[in-house]
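Everything on this sheet refers to the single structure shown next.
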Number of protein chains: 2
Amino acid sequence: MKSEIPPNTVARLSLYRRLLEAWLEKGTTHLYSHEIASMACVTPAQVRRDLMAIGYSGSPSRGYSVDALEDSIGRFLGSDTVRKIALVGMGNLGRALATYFVSRAPRFRMTAAFDNDPRKTGRVIAGCMVHPVEAIPGIIPAEGIRTAVLALPPESAQEMADTLVKAGVKGILNFAPVPLRLPGDVFLENRDVTASLEKVAFFSGQPREGN
Amino acid sequence: MKSEIPPNTVARLSLYRRLLEAWLEKGTTHLYSHEIASMACVTPAQVRRDLMAIGYSGSPSRGYSVDALEDSIGRFLGSDTVRKIALVGMGNLGRALATYFVSRAPRFRMTAAFDNDPRKTGRVIAGCMVHPVEAIPGIIPAEGIRTAVLALPPESAQEMADTLVKAGVKGILNFAPVPLRLPGDVFLENRDVTASLEKVAFFSGQPREGN
DNA sequence: CTGAAGTTGTGAAAACAGTAACAATGTTAC
DNA sequence: GTAACATTGTTACTGTTTTCACAACTTCAG
């Protein structure tokens, strides 16, 4: 028995859902794979395979039911229950992320934010109560938080990651520009902005083949 | 003749270089692949393969010369000349990125920033002069900017991307949570924070095998 | 009812990324 | 000088992700 979901599929499902929600409001009832593909800027085959992964079936000649598919993706991603997130680091990036999530990603709740700067702790910033980092071992398990976002300077990222994992966190979205050494059972997604920009800058220079 | 650099290799090279710089300051002259690998949290084979891609050779029993390797990566990534970047969108995220680049990524120069909010244009924010978006077709070609960062609300992202491409931009780092439709010769890197978080949250729930 | 049109679901192939393995090589000890 | 050692450079392999291609299916027109 083997059932593994590719991480990229999960990310695309998130996108499909957002696109479907827009069509749902417009009253569209059915969409073909090539229509979804066009909106998501991927191939139709990719869409069909992604939907196969979650076991949702459309109908030939009618396509996918927007309503049922949206529901199916939602249940697969597990978002009937709003998911709790911890944010560590309330610098410029941390604040921007907090603001973004409050206004644009209502499916996630920033249950707790942490910072080691006493001028920031004890206050509500961008809609989030900011606690001192010493409170991590108390709050994370109590709230049952399993997912954390790291928006820290590189110096403290590894230490905070260790603290979070010890407190029970099982997935980290890391914006600090340093590699993190974590146990294998913790899912890690690095979003090193410098490396991303280096990549884009590199391929901006090189000519690339058109389509 | 075939010489293609995997995008992931470029991103890792960026990381290696930053790690090497730190050792360079400490006066270390040589490092083995397994030492670099350990710092970067990848396998030694991965490091050797990445360095093979840029044609740098180390010496058996002495490893890689920190100095020469740093230089070699630098020349490969093309950063002898500081690279010019345009930032579009000076909201919370845009400001955070601008601040970050000014202080932490001196190899990139945010040559120009753009926003459509008149309260922001004409001023210097986070060390960047902010121009109205109407100035894009004038400034981008004049400065020879080929790389842009999009930190915009989803509604205007596609339109700004089109404007940038028309002005000569060949690579876009997109933080807006929408897919962009671009010509095939433009390199696109999406950093959809919602999708990233959805991915991490999904795998935080599922138990994963340890190492 | 039958055929045409167009879509889905999926096995097979291709492209891509990462790992393992090992011959070749430089270094050191003696 | 030579043998032992540890590391590099590279090829072959493994595994994952994406694309291709097509049989099976549903609908509709006539």
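Lettering follows sequence order; numbering is per chain, from 1.
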Phosphate-side-chain proximity, [X] and [N], N/O vs OP1/OP2 below 4.0 Å:
| X | N | value |
| --- | --- | --- |
| A:Gln46 | D:dT17 | no |
| B:Arg12 | C:dG18 | yes |
| B:Tyr64 | D:dG9 | yes |
| B:Thr43 | C:dT19 | yes |

What are the atom names and distances for every N/O pair under 3.5 Å that joins the protein to nucleotides 21-24 of chain C?
residue: C:dA21; atom: N6; partner: B:Arg48; partner atom: NH2; Å: 3.3

Please write out each protein N/O paired with an N/O of nucleotides 28-30 of chain D under 3.5 Å, distance rounded to 0.1 Å.
none

| Pairs flagged by salt bridge (Lys or Arg N to Asp or Glu O under 4.0 Å) wherever residues 25-37 of chain B is involved - sequence neighbours left out |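 Every pair satisfying salt bridge (Lys or Arg N to Asp or Glu O under 4.0 Å) with a residue in residues 25-37 of chain B: there are none.
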| said: Does this structure show an ion pair linking B:Arg83 with A:Glu198, if we count only N-O contacts that are shorter than 4.0 Å? | reply: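 Yes.
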Residues from residues 171-180 of chain A lying under 4.0 Å of DNA chain D - heavy atoms: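 Listed by number, there are none.
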Please write out the pairs of protein N or O atoms and N or O atoms of nucleotides 2-5 of chain D separated by less than 3.5 Å, giving the distance to one decimal.
none

Length of the [atom1]-[atom2] vector between [X] and [N], whole Å:
| X | N | atom1 | atom2 | result |
| --- | --- | --- | --- | --- |
| A:Leu13 | D:dT17 | CG | P | 13 Å |
| A:Leu31 | C:dG6 | CG | P | 18 Å |
| B:Asp50 | C:dG18 | CG | C1' | 10 Å |
| A:Arg49 | C:dG11 | CZ | C1' | 8 Å |

Name all pairs fulfilling the ring pair (Phe, Tyr, Trp, His ring centres under 6.0 Å) condition that reach into residues 92-116 of chain A, sequence neighbours left out, sorted by first residue then second.
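Applying ring pair (Phe, Tyr, Trp, His ring centres under 6.0 Å) to every pair that reaches into residues 92-116 of chain A, excluding sequence neighbours, yields A:Phe114-A:His131.
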Which part of the nucleic acid does A:Ser57 contact within heavy-atom distance under 4.0 Å: base, sugar-phosphate only, or nothing?
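The answer is sugar-phosphate, as A:Ser57 gets under 4.0 Å only of primed atoms, P, OP1 or OP2.
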What's A:Ser33 touching, base or sugar-phosphate or nothing? Going by heavy atoms closer than 4.0 Å.
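A:Ser33: backbone/sugar contact only, no base atoms under 4.0 Å.
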Could you work out, with side-chain contact (heavy atoms from CB on, under 4.5 Å) as the rule, every residue matching [X], not counting sequence neighbours?
| X | answer |
| --- | --- |
| B:Asn190 | B:Asn174, B:Leu188 |
| B:Arg191 | A:Arg191, A:Ser196, B:Leu173, B:Phe175, B:Glu189 |
| A:Asn8 | A:Arg12, B:Lys199 |

Note to self: So B:Leu13 and B:Leu51, do their side chains get closer than 4.5 Å, heavy atoms only?
What the structure shows: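 Yes - at least one pair of side-chain heavy atoms lies under 4.5 Å apart.
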When you compare the side chain of A:Ile136 with that of A:Ile139, does any pair of heavy atoms fall below 4.5 Å?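 No, every pair of side-chain atoms sits at 4.5 Å or beyond.
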**Asked** Which one of B:Asn92, B:Leu93, B:Thr99 satisfies the side chain to side chain contact (heavy atoms under 4.5 Å, CB included) criterion with A:Leu93?
**Response**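 Result for side chain to side chain contact (heavy atoms under 4.5 Å, CB included) with A:Leu93: B:Leu93.
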>> Side chain of B:Met52 only, heavy atoms from C-beta on: which candidate in D:dT10, C:dT7, C:dT19 is closest?
In response: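 Taking heavy atoms from C-beta onward, the closest nucleotide is D:dT10.
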Within the distance-only criterion (no hydrogens, no angle test), does the side chain of A:Arg109 pair as donor or acceptor with the backbone N or O of A:Lys84 below 3.5 angstrom?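 Side chain of A:Arg109 to backbone of A:Lys84: no pair is present.
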key: Residues that A:Arg18 engages under side-chain hydrogen bond (donor to acceptor under 3.5 Å, both in side chains), provided they are two or more places apart   =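 In terms of side-chain hydrogen bond (donor to acceptor under 3.5 Å, both in side chains), with neighbours along the sequence ignored, A:Arg18 is linked to A:Ser14, B:Asp192.
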Open item on the list: Using every non-hydrogen atom in the two residues, find where B:Ala40 and B:Tyr16 come nearest and quote the distance to one decimal.
Closed with: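 Residues B:Ala40 and B:Tyr16, closest heavy atoms: CB-CE2, 3.8 Å.
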_Reading DNA chain C from 5' onward, which residue's closest nucleotide shows up sooner: A:Tyr56 or B:Asn8?_
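Its nucleotide being nearer the 5' end, the pick is A:Tyr56.
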**Request:** Kindly state each residue pair satisfying side-chain hydrogen bond (donor to acceptor under 3.5 Å, both in side chains) with at least one member in residues 56-72 of chain A, sequence neighbours excluded.
**Result:**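 For residues 56-72 of chain A: A:Asp71-A:Arg75.
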message = Judged by each residue's nearest nucleotide on DNA chain D, which is more toward the 5′ side, A:Val42 or B:His34?
response =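 Upstream on the strand: B:His34.
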Side-chain donor-acceptor contacts of residues 177-184 of chain B below 3.5 Å, not counting sequence neighbours, with atom names and distances?
residue: B:Arg181; atom: NH2; partner: A:Ser38; partner atom: O; Å: 2.3
residue: B:Arg181; atom: NH2; partner: A:Ser38; partner atom: OG; Å: 3.4

